[in-house]
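Below is one structure; the comments refer to it alone.
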Amino acid sequence: MINVSDLYLGYSTSGGQRRRVLDGINFAIEDGERVGLMGPNGSGKTTFARCLNGLLSPSSGAVEVDDLSTTNDAHLPEIRRRVGMVFQNPENQIVSTTVEREIAFGLENLGVPRAEMHKVVADTLHKFDLARYRTHPPHRLSGGEMQRLALASVVAMSPQTIIFDEPSSYLDGAGRRQLLSLIDDLHRDQSRPKALTTLFITQYPDEVLTCDRVVILDQGKIVITGSPEEVFSQVARMESLGVDIPLEFAVNDYLKTTSDGRLLLNPSEFLPIS
Amino acid sequence: MTGKGVQLTTFFVPKLKVERPRIPAMQIKIENLSFSYKSPWSAPKEVLTNVSLTIAAGEMLALVGPSGSGKTTLMQHLTGLLKPDTGRICVDGQDIWQGSSLNTLRRRIGLVFQFPETQLFGETVLEDVVFGPRNLGLAEGEVRERAELAMQQVDLDVAEVGERSPLHLSEGERRRVALAGVLSMQPECLALDEPTAGLDAAGTRIVLDVLRQQHRQGRTIILVSHDIALVSALLHRIVVLNDGRVHFDGKKEDLFKDQAHLAAAGIVPPKARRIACALKRMGLVATEELYSFAEIKNQLDRHRPIAE
């Protein structure tokens with residue numbers, strides 16, 4: 001599990017002022033949990049995500065991954081093995097010259113024995129439907145395929161947690177649906193010793209409807225947390241924060257305020273189509 | 001590049017002139033266009049096949065289709081960034097590759113690429129926005145006026161952000177700076193590639209408002225997007241590209257009626273329409289042809305019984 005207590009992170013602006021990007025965050029994510037994180041641009045989502053695997057260090061407060069503190073440099077390699085990241089633009093995280101080497105890259109760095117590495121690479125290529133591109137250079141893949149490769153390379157290292165930082169912004173509808181259903185599959189994967197933990201950052205409320213919990217960040221603070229239903233039912237609040245809500249929740253809110261509210265949509269009918 | 005500040009200190013004139021409406025003149029006609037990328041490593045791959053499309057002056061339409069369907073490639077043909085292998089593009093009846101200068105054409109058609117904020121280069125926001133009109137050789141007064149107007153149109157305060165570095169703005173603000181840079185050229189036609197990708201709800205709303213406003217002023221708007229929900233909420237005519245061919249060209253209502261057609265192009269009907277279908281089954285609205293929350297509310301209001 002990841003435990004965040006009293007996390008502050010600030011930096012100095014060019015005007016010499018101190019700006020707090022993260023302003024006292026307390027947060028825990030249990031193993032196997034699926035959490036969606038939303039918030040307006042500039043609310044600190046990416047900064048927060050980067051604190052969770054030690055890419056950024058808190059100004060004060062603590063981030064612990066299974067009791068390993070991110071402020072202890074000696075723990076960082078192990079923390080990053082346990083907490084993988086998938087970024088918005090896969091081009092920023094792909095480093096190798098072929099698809100196969102990209103998946104092997106992290107394993108090589110971990111010192112995984114050669115025979116085992118070959119097996120994991122082959123399995124991963126198969127699982128992510130990338131086997132036919134084995135020897136292709138990654139930049140010749142489509143955006144959706146590249147994001148799939150980025151995810152595959154992370155999954156190959158078998159992290160307990162994967163953090164997705166707006167992984168769908170560069171994808172089209174089909175690519176997005178495919179990514180979400182891949183994540184569903186990973187959560188259901190019975191072959192894992194422990195169920196995968198995910199934190200999914202997005203601007204698209206429909207993409208967090210299947211999460212256990214949705215967290216809203218605003219100006220560096222967690223301002224709302226709850227089940228998707230609980231969070232998205234706070235229509236006025238979400239609007240004032242500038243965070244989109246799924247359309248069915250907006251319509252239900254309108255039905256409640258304009259009629260007796262006896263006839264409402266059933267939100268579960270409008271989960272993302274995959 | 002001139003130094004920082006560029007005598008723009010007298011810039012903050014609060015009163016702004018409203019841009020006068022122009023008479024739209026530009027008709028774009030794409031005739032049997034085919035194009036393939038040539039690569040030394042592989043056989044040429046045809047990206048556009050026999051594409052024909054007529055875009056009337058002042059029209060607003062969307063070009064949608066999955067990744068790799070050829071949307072961006074087609075857009076790059078509009079200003080002659082790519083040259084068709086066969087077929088042609090005519091603007092006001094004139095083949096753009098015959099005679100008239102592409103430079104003139106590029107002033108008339110403003111292209112906004114994907115993630116245009118990555119192309120900002122000015123030391124300050126204003127420097128970036130004035131770059132285009134200054135290059136047009138306009139008088140400095142007009143350059144300033146246009147830059148101010150453009151920034152106002154994208155809801156950026158000149159006094160507040162004009163002298164700041166674009167690097168210190170949020171992603172959404174940088175996107176709007178890039179957009180202002182194109183608007184300040186006052187092109188007759190805007191072609192935008194995924195202009196709202198990666199923006200939050202508020203940022204998306206501002207960009208869409210800009211498009212509506214530009215359209216009202218008579219500009220032709222070509223919106224390239226994979227987001228079927230977004231475009232169907234905004235406009236009526238949708239052109240679907242699939243595998244480099246025009247798969248559908250017509251009114252959105254007709255597009256969504258044809259399930260087989262949709263499936264073939266990998267299009268899932270927008271959620272608004274799915275919700276409208278559910279509301280219709282519940283007897284709360286009379287039509288499933290609803291594409292935004294505003295349209296749904298409007299229909300619900302119309303069908304609400306007057307008294308209990």
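Since the model is a prediction, treat every value here as computed from it, not as a measurement. All chains are named by letter (A, B, ...) in the order of the sequence lines, taking the proteins before the strands, and each is independently numbered beginning at 1. Just the heavy atoms: all of them, side chains too, but no hydrogens, waters or symmetry mates, feed the values below.
The 12-atom threshold is exceeded at CG of A:Asn89, counting heavy atoms of other residues, nucleotides or ligands nearer than 6.0 Å.
For chain B, the nearby part of A:Arg140 is the side chain; its heavy atoms alone come within less than 4.5 Å. With a threshold of 4.5 angstrom between heavy atoms, A:Leu264 approaches chain B through N, CA, C or O but not through any side-chain atom. The contact between A:Leu171 and chain B is made entirely by backbone atoms, counting heavy-atom distances below 4.5 Å. At a 4.5 Å heavy-atom cutoff, the contact between B:Leu284 and chain A is made by side-chain atoms alone. Only the side chain of A:Glu166 comes within contact range of chain B, judged by heavy atoms closer than 4.5 Å. If you measure heavy-atom distances from A:Glu269 to chain B, the contacts under 4.5 Å come from both the backbone and the side chain.
Taking 4.5 Å as the limit, some side-chain heavy atom of A:Leu186 sits within range of a side-chain heavy atom of A:Leu151. In this structure the side chain of A:Thr225 reaches within 4.5 angstrom of the side chain of A:Arg213, judged on heavy atoms.
Summarising the geometry, atom CZ belonging to A:Arg148 is positioned 8.5 Å from atom CG belonging to A:Leu141; distances are rounded to the nearest 0.5 Å.
Between the side chains of B:Glu194 and B:His226, at least one donor N or O sits under 3.5 Å from an acceptor N or O.
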Worksheet item: Given the rule in the side-chain contact (heavy atoms from CB on, under 4.5 Å) test, do A:Thr210 and A:Leu180 qualify, once you have shown the distances and angles that lead to the verdict?
Response: CA-CA 10 Å; A:Thr210 50; A:Leu180 288 171; over 6 Å; no

Worksheet item: Hey, mind stepping through A:Lys45 and B:Glu171 against salt bridge (Lys or Arg N to Asp or Glu O under 4.0 Å) and telling me if it holds?
Response: CA-CA 13 Å; A:Lys45 304 184 294 293; B:Glu171 190 193 356; over 6 Å; no

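Of the listed residues A:Gly42, A:Ser168, A:Gly39, A:Pro40, the one with more heavy-atom pairs under 4.5 angstrom with chain B than any other is A:Pro40.
A salt bridge links B:Asp209 with B:Arg212: at least one charged nitrogen is closer than 4.0 Å to a carboxylate oxygen. A salt bridge links A:Glu248 to B:Lys271: one of the charged nitrogens lies within less than 4.0 Å of a carboxylate oxygen. Under 4.0 Å is where a charged nitrogen must lie from a carboxylate oxygen, and between A:Asp184 and A:Arg34 at least one such pair does.
Taking non-hydrogen atoms and a 4.5 Å limit, the residue list of residues 286-300 of chain B in contact with chain A, ordered by number, reads B:Phe293, B:Ile296, B:Lys297, B:Leu300. At a heavy-atom separation below 4.5 angstrom, chain A is approached by no residue within residues 247-256 of chain B.
Considering every non-hydrogen atom in both B:Ala264 and B:Asn242, the closest pair reads O-ND2, 3.2 Å. Considering all non-hydrogen atoms of both residues, B:Ser225 and B:Leu230 come closest at OG-CD2, 4.3 Å. Summarising the geometry of A:Met38 relative to A:Phe232, their closest heavy-atom pair is SD-CZ, 3.9 Å, with the distance given to 0.1 Å.
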